[in-house]
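Taking it in order: structure first as structure tokens, then the write-up.
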Amino acid sequence: MKVLGFDTATRATTVALLDSDGDETVERRDDPPPGARPRHTTRLMALVVEVLEAAGADWSAVDRIAVGVGPGTFTGLRIGVATAHALARAREIDLVGVSTLHALARGAGAGGAGGAGGSGSPDSVMAVIDARRGEVFAAGWTASEVAVPEATPLIAPRALAPDALAKTLQADGRAWLAVGDGAVEFRAALEHVGARIPEPDSGLHRVSAIEHCRLALGLRPEPPEGVQPEYLRLPDAEITLRSARQ
């Protein structure tokens, strides 16, 4: 099976094609420099074309589309999910929505827990995405189940303050590996309660569409209208408007 996956929930745009028969993957991504705006609108379809060309595939070879449904930025999620809807309908391809947090955690749990520093392996993997406004989006899985597409998270996806996340990890008592730009940004609070965090330049902190493809192999396709963004909180514009009214 060939799965085309992409994610626009964070500042990065990542696109990949997985051929499950030979476990072959191709990924192309756009990571804006610090301070630059995301380029989802201009880069997403261009990267899709690049990936297909690099894999020597055309649309007739794609069996499934996997799109990251967040949580993440409101605008980025709309772009990614709307594009997935349009492609699935136009090309009559099965569509699967994949948690961006689960994909991020799977990449760390399946490929790099041992490289986080320290000794031994973590019991669990926490994906942490910077949600701005002093909050993070976070969810956690056991290391033994993070690669399972339908695994139930130990800590369900939520938006919360970094200090609140730190208290949650401390109360849980497991050995946690935390990855993602939120883990980097709020390293001090999370390391204070014993979480292990890779170095800032580690690839474990990057959302990769390859992991979306791998998770999508074990998920059931849905009608396009059934695949919707998981925002977890109101858009920033709505939050600002409500604050102004108070």
Side-chain angles (χ1 to χ4, degrees), residues 1-10 12-31 39-72 76-112 127 139 141 145-153 157 203 206-230:
M1 177 183 287
K2 288 185 174 63
V3 183
L4 176 71
F6 52 85
D7 191 286
T8 54
T10 64
T13 306
T14 172
V15 180
L17 185 72
L18 166 68
D19 183 346
S20 64
D21 292 335
D23 196 31
E24 298 176 352
T25 59
V26 175
E27 184 187 18
R28 297 291 184 271
R29 57 185 304 121
D30 178 68
D31 293 281
R39 299 184 286 244
H40 307 311
T41 302
T42 59
R43 295 300 295 146
L44 176 55
M45 284 308 300
L47 291 174
V48 168
V49 172
E50 287 184 29
V51 163
L52 292 176
E53 290 180 347
D58 57 24
W59 283 106
S60 65
V62 178
D63 301 297
R64 183 169 294 182
I65 294 173
V67 61
V69 295
L77 285 175
R78 285 196 304 172
I79 292 169
V81 172
T83 300
H85 286 178
L87 291 174
R89 289 192 175 101
R91 303 287 180 174
E92 297 184 340
I93 301 174
D94 286 346
L95 179 61
V96 174
V98 176
S99 164
T100 301
L101 289 169
H102 196 172
L104 179 59
R106 188 197 186 285
W141 289 260
E145 295 187 352
V146 70
V148 179
E150 295 184 337
T152 301
R206 301 197 309 180
V207 174
S208 171
I210 292 174
E211 304 303 337
H212 292 64
C213 295
R214 296 195 189 285
L215 287 171
L217 289 172
L219 296 174
R220 182 175 300 177
E222 299 182 63
E225 61 272 16
V227 176
Q228 296 295 329
E230 298 176 357

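This one's a predicted model, so the numbers in the text were calculated from it and none came from an experiment. In this chain, numbering begins with 1 at the start of the sequence shown.
- Counting heavy atoms from C-beta on, the side chains of Ile93 and Trp59 come closer than 4.5 Å.
- Listed for the Asp63 side chain is a donor-acceptor partner under 3.5 Å among the backbone atoms of Lys2.
- Side-chain contact between Leu52 and Val62: present, with at least one pair of heavy atoms (C-beta onward) separated by less than 4.5 Å.
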Pairs under 3.5 angstrom only: tabulate donor-acceptor contacts from the side chains of residues 217-230 to other protein residues two or more places apart or in another chain.
from	atom 1	to	atom 2	distance (Å)
Gln228	NE2	Glu225	O	2.8

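- Considering all non-hydrogen atoms of both residues, Pro157 and Leu101 come closest at CB-CD1, 4.0 Å.
- Contact check for His102 versus Val146: side-chain heavy atoms found under the 4.5 Å cut-off.
- A salt bridge links Arg214 with Asp23: at least one charged nitrogen is closer than 4.0 Å to a carboxylate oxygen.
- Phe6 is not listed as a side-chain neighbour of Thr14, based on a closest heavy-atom distance of 4.5 Å or more.
- Rounded to the nearest 0.5 Å, atoms CG (Leu17) and CD (Glu24) are 10.0 Å apart.
- Across all non-hydrogen atoms, the minimal contact from Gly97 to Val69 is CA-CG1, 3.8 Å.
- Ion pairing between Glu53 and Arg28 fails under the 4.0 Å rule for side-chain N and carboxylate O.
- Summarising the geometry of Ala12 relative to Asp31, their closest heavy-atom pair is CB-OD1, 3.3 Å, with the distance given to 0.1 Å.
- For the atom pair Met1 CE and Asp19 CG, the distance stands at 10.5 Å (nearest 0.5 Å).
- Judged by distance alone, with hydrogens and angles left aside, the side-chain atoms of Arg43 form no donor-acceptor pair with the main-chain N or O of Thr13 at under 3.5 Å.
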Scan the side chains in residues 206-213 for donor-acceptor partners under 3.5 Å anywhere in the protein, sequence neighbours excluded, and list what turns up.
from	atom 1	to	atom 2	distance (Å)
Ser208	OG	Glu27	OE1	3.4
Ser208	OG	Glu27	OE2	3.2
Ser208	OG	Ile210	N	3.3
Glu211	OE1	Arg106	NH1	2.7
His212	ND1	Ser208	O	3.2
His212	NE2	Asp7	OD2	2.7

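- Under the side-chain hydrogen bond (donor to acceptor under 3.5 Å, both in side chains) criterion, no residue pair touches residues 87-99, with sequence neighbours excluded.
- Rounded to the nearest 0.5 Å, atoms NE2 (His40) and CG (Leu77) are 8.0 Å apart.
- The two residues Val3 and Ala66 make their nearest non-hydrogen contact at CG1-CB, 4.1 Å.
- The heavy-atom pair separating Gly70 from Ala9 by the smallest distance is CA-CB, 4.1 Å.
- With His85 as the partner, the side-chain contact (heavy atoms from CB on, under 4.5 Å) test is satisfied by one option alone out of Leu87, Thr83, Val81: Val81.
- What you find for Thr8 and Gly76 is that their closest heavy atoms are OG1-O, 2.6 Å.
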